Every structure is written in structure tokens, then in C-alpha cells.
There are 2 protein chains.
Amino acid sequence: MTQDRPERADAARNRRAILLATEELLARYRPEQISMEQVAAAAGVGKGTVFHRFGSRMGLMHALMAERALALTEAVSVGPPPLGPGAPAAERLLAFLDAIVDVIARNKGLLAALGHADTTTAKSDEDPRTAHPVYGFWHGHIADLLTAERPDLDAELQAHILLAGLQSRSILLLLEQGEAERLAAALRSLARALLHAPTEDTTG
Amino acid sequence: MTQDRPERADAARNRRAILLATEELLARYRPEQISMEQVAAAAGVGKGTVFHRFGSRMGLMHALMAERALALTEAVSVGPPPLGPGAPAAERLLAFLDAIVDVIARNKGLLAALGHADTTTAKSDEDPRTAHPVYGFWHGHIADLLTAERPDLDAELQAHILLAGLQSRSILLLLEQGEAERLAAALRSLARALLHAPTEDTTG
DNA sequence: TGGACAACTGGACCAGCGGTCCAGTACGTT
DNA sequence: AACGTACTGGACCGCTGGTCCAGTTGTCCA
């Protein structure tokens, strides 16, 4: 993206202004209350510019999400344990969940905004994995770690469930009230329960 | 609602027609693709009628949800075990989760529609418990059962997490592919893990 | 049976949305 | 300095959820 033929200086400036404005609006208001026009106005650019840069509401939210998640992605791939490679899967999983809650807590509306965004455009049968690289990465990582420790579980599905909480309205509400640590604790607790559960048959 | 001064015959007929039409549309299309105008047309009434009866999109979805959940509510309150009172909390919980998945699977878009509905109108700081009686009831029931077996857990929050999965886009997708039993199994598995997990401190 | 009143009805209407379009602007290159 | 092109912005479009109210229809009472 920022390579080969770099974007023009004004384009880069506007792109950053738009992302920043979106971030600020997202911190202050509910994602659904934020219109693309507002974003444009807040960023001091025209609506056309926003769409030219990001294609759609979903594109914008996704770009923001990707940026916010970048540090985490790197920490997981090449960083030090327990987040990065090297620690046992169980520890990495717990650390990763904590890290995700942290990202979400600092960008409350983001996941919900992403959800709402493609709710609006609704490409019917798309695999969410493909549609949302960030979600896909998070989900895949959790599923992998879970599988490593508990190959008997339906890790794919459990990973979805673990992540689903972060998109839930009720839980977002808690986050807004500063209960991030409580959520992290509950998620850790749940994950630990899953890791230590007696072996069982998924067909039952 | 259907008491004291009953609604006029035509009103009742239209109300049922609207709910039925909504249900059918919800079975066929994504909730976000269904406009109130479509609902009205499908029900063979004017748009004004729909809004007069249900107040808003959320009102409509909520009414449908309440109707759909009625049988479950009764089964839980006064029905026979394991769903109704009498069975051990752990058993009731697993049975209840199964039952919920069943309701959701047979009305795929409904929970999502509800979520999307108040996403649109967005009464900022409302307690979801108050705002969505059905969700509130489900959440409360799960939290109660969970507390009965595991008073050391943050049951309120765990209940939210358990329910969150049913609103998640990725999981709705599974449901559409007929994987309801797989979801039920995963949820049971998760709940069992929670119930059997070693006692732990929520502050850790 | 009929008359009167309220409840219900439906479609024109409104503001605001996400997204498109394209004439004009300003950057980077030579 | 001058040129081509990528970027810009705001008018514009189709459509949405929701409002409004003149006209209709069911119900109740005499």
C-alpha cells in the first residue's frame, strides 16, 4: 500500500486526517450514529474524497481496524512470548485474549462498526474470513492455539464464540463503562475452562 | 395487549398478516435487506399501518421475537424438566441452551434483525435488559442457572458471552448452512467446561 | 337498524443516508 | 514552466425509516 508508487502528499495527508477523524468520532459516538458525511466534515474533506480513498463505509472501518490491529498482529507473529511464538499455546491464548480486549476497549465502537458496516452493504454469502482479514487473523490465531491444546474441541466454532462477545451490544456497553478488565477476566476464565475441560466427544 | 379493550378485528388481522409476512421475509432474506415498505407490501397493507401497529422497525422485530420466544418462556417457567423447574441447574442450563439454539435456528435472522433494528434507532445509554425483554429473560435465566452451580463465576458476563454468539455474523452464517446442531454442541461443550472448571478467583 | 365516534388505514411525504460522478484543482515530473 | 494525471469536493441519486392526516371501517349504543 505505501510502496512502489507512493500516494501523493495531499492524498496521504487526507487519508490520515480521515482515519483520525473516524477514530475520534468512534470514541465519542455510537458507530451507527456516524455518517460518512460527518466523517468527511470532521476530517475537513469532501465526501467524495472519503469514498475515493476507502471505497465504502466498510472499507473505511476496515482500514481503521487494520491499522489499530497492526501492532497486535506483529506482536503475535514475531514478538516475544507470551504473545509471540515460544510460549505454550495455553499461555499464548490467554495473553492474546487480553490483548484483543485491550485493543477493543481502546476502540470501543470499532468491531461493532465493522459489523454494522457490512450489515449495510451485505454481500450475502461471503466467508467472513475473506471479508475481514483482521477478524480472520484473530479467529485463525485463536482456533490454532485452541487446537494445539485441545484437538478434541471444535476450535473453529469456539473461536467464533469467544470473539462474538466483542461485537455484542451488551458487552460493548460494559466496555463503555470502563469494565474492560472485568471482560478480560471473564474471557480468560472461559478460555481456561475450555482448556481444562474433561475430554469429550464433539458429536455428543 | 390482547385484553380489556381488544383491538378491532381488522387491526388484529393486519397485525397477524404483518408478523407473518415479516417472518417469511426473514426466512428468505437477510434482515438488513428487508425494508419496512417490503414488509408492508408483503403483508398487503400500507406502510403507515405497520408503523401504527409496531411503532418502529425495532418494535416489529421485537414483537416477532417475543411471539417466537413465548413457548420457550413458558416451557422454562412452568414446563417439565429438564427445561422447566425441577432438574438440577446444570441440566437445565444445557437444555436451555439447546432450546435457544433451536429457536434461533428456526428464525435465523431474528436476533440479528433485533440487533440491527436498534442499531438504526440507537437509544444511546439504554440497558439492553430493559430494552429487550426477551434478551433480558434469556440472559437472566442463564445467569441464574450459572450462579446456582458456580457462584464463584461472573455469571452475568458469562451469560452475555454465551448469548453473544447467537448474534454474531459468522455464526449466523453457519446456521444458514444447517449447522445448528454443531453450534448447539459447541455451546453445550462450552457451558459444561464452565460448569466443571476448577474454582478460580475472578480477580485473577 | 342506524347513526356516531373512535380506531384504524394507506400512501404521499420528509429528512437523511450510503454511494456515484465528474468538472476542476494541485501535485510531481520533465 | 508547463504538462498529465491522480486527487478532490459537493451536487446529485435512489432508497430508507419514520411522520402525517384525510378518508375508511368496525363497534357500540339506542
Side-chain angles (χ1 to χ4, degrees), chain A residues 1-19 21-22 25-26 29-64 113-123, chain B residues 1-19 21-22 25-26 29-64 113-123:
Chain A
M1 277 187 178
T2 327
Q3 71 196 74
D4 219 31
R5 175 77 98 96
E7 55 189 349
R8 263 166 51 173
D10 53 346
R13 191 180 347 110
N14 281 344
R15 204 195 68 239
R16 299 190 55 197
I18 292 166
L19 285 175
T22 307
L25 287 174
L26 230 28
Y29 309 100
R30 294 290 175 110
E32 319 80 35
Q33 297 177 329
I34 303 170
S35 71
M36 295 300 273
E37 204 146 0
Q38 263 176 78
V39 169
V45 304
K47 205 168 140 181
T49 303
V50 177
F51 280 93
H52 180 73
R53 287 276 100 207
F54 297 101
S56 69
R57 182 194 185 88
M58 197 194 116
L60 170 59
M61 295 304 176
H62 189 261
L64 186 50
L114 231 180
H116 184 256
D118 75 331
T119 242
T120 291
T121 315
K123 314 275 185 186
Chain B
M1 277 185 176
T2 326
Q3 73 196 74
D4 219 30
R5 176 75 99 94
E7 56 190 348
R8 265 166 50 173
D10 54 346
R13 193 180 346 111
N14 280 343
R15 204 196 67 239
R16 299 189 56 198
I18 292 167
L19 284 176
T22 307
L25 287 174
L26 230 28
Y29 309 100
R30 293 288 175 112
E32 319 81 34
Q33 297 176 329
I34 302 171
S35 71
M36 296 300 272
E37 204 145 359
Q38 263 176 77
V39 169
V45 303
K47 203 168 143 182
T49 303
V50 177
F51 280 94
H52 180 73
R53 287 276 98 208
F54 297 101
S56 69
R57 182 194 185 89
M58 197 192 114
L60 169 60
M61 295 305 176
H62 188 260
L64 186 51
L114 232 180
H116 184 256
D118 74 333
T119 242
T120 291
T121 314
K123 313 274 185 187

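Just so it is clear: chains get the letters A, B, ... in the order the sequence lines come, proteins before strands, and each one is counted from 1. Just so it is clear, the model here is predicted, and its values are computed rather than measured.
Annotation: the span from A:L25 atom CG to A:Q33 atom CD amounts to 11.0 Å, rounded to 0.5 Å. Going from atom CE of B:M61 over to atom CZ of B:F54 covers 10.5 Å, rounded to the nearest 0.5 Å.
Distance CZ (A:R13) to P (C:dC27): 7 Å, rounded to an integer number of Å. What separates CD1 of A:I18 from C1' of D:dT8 is a distance of 10 Å, to the nearest Å. In this structure, B:K47 atom NZ and C:dC14 atom P are separated by 13 Å, rounded to whole Å. Atom CG in B:D10 sits about 15 Å away from atom P in D:dT24, given to the nearest Å. For the pair A:M58 CE and C:dC17 P, the interatomic distance rounds to 21 Å; values are reported in whole Å.
With C:dG18, D:dT27, C:dT9 as the candidates, the nucleotide lying closest to the side chain of B:R8 is D:dT27.
Within the 4.0 angstrom heavy-atom criterion, only backbone atoms of the sugar-phosphate kind lie near A:S35; the bases stay farther away. Residue contacts shown for B:I34 are limited to sugar-phosphate atoms, with no base heavy atom under 4.0 Å away.
Contact annotation: B:R57 does not reach the phosphate of D:dG18 (side-chain N/O to OP1 or OP2, under 4.0 Å). For the OP1/OP2 pair of C:dC8 and a distance below 4.0 Å, the side-chain nitrogens and oxygens of B:N14 include no atom meeting the criterion. At least one side-chain nitrogen or oxygen of B:H52 sits closer than 4.0 Å to the OP1 or OP2 atom of C:dC8. Within the 4.0 Å cut-off from OP1 or OP2 of D:dC7, not a single side-chain nitrogen or oxygen of A:T49 is found.
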**Report entry** side-chain contact (heavy atoms from CB on, under 4.5 Å) evaluation trace for A:M36 with A:L60
**Finding:** CA-CA 9 Å; A:M36 295 300 273; A:L60 170 59; 4.0 Å; yes
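Of all non-hydrogen atoms in A:A43 and A:A17, the two that sit nearest each other are CB-O, 3.7 Å.
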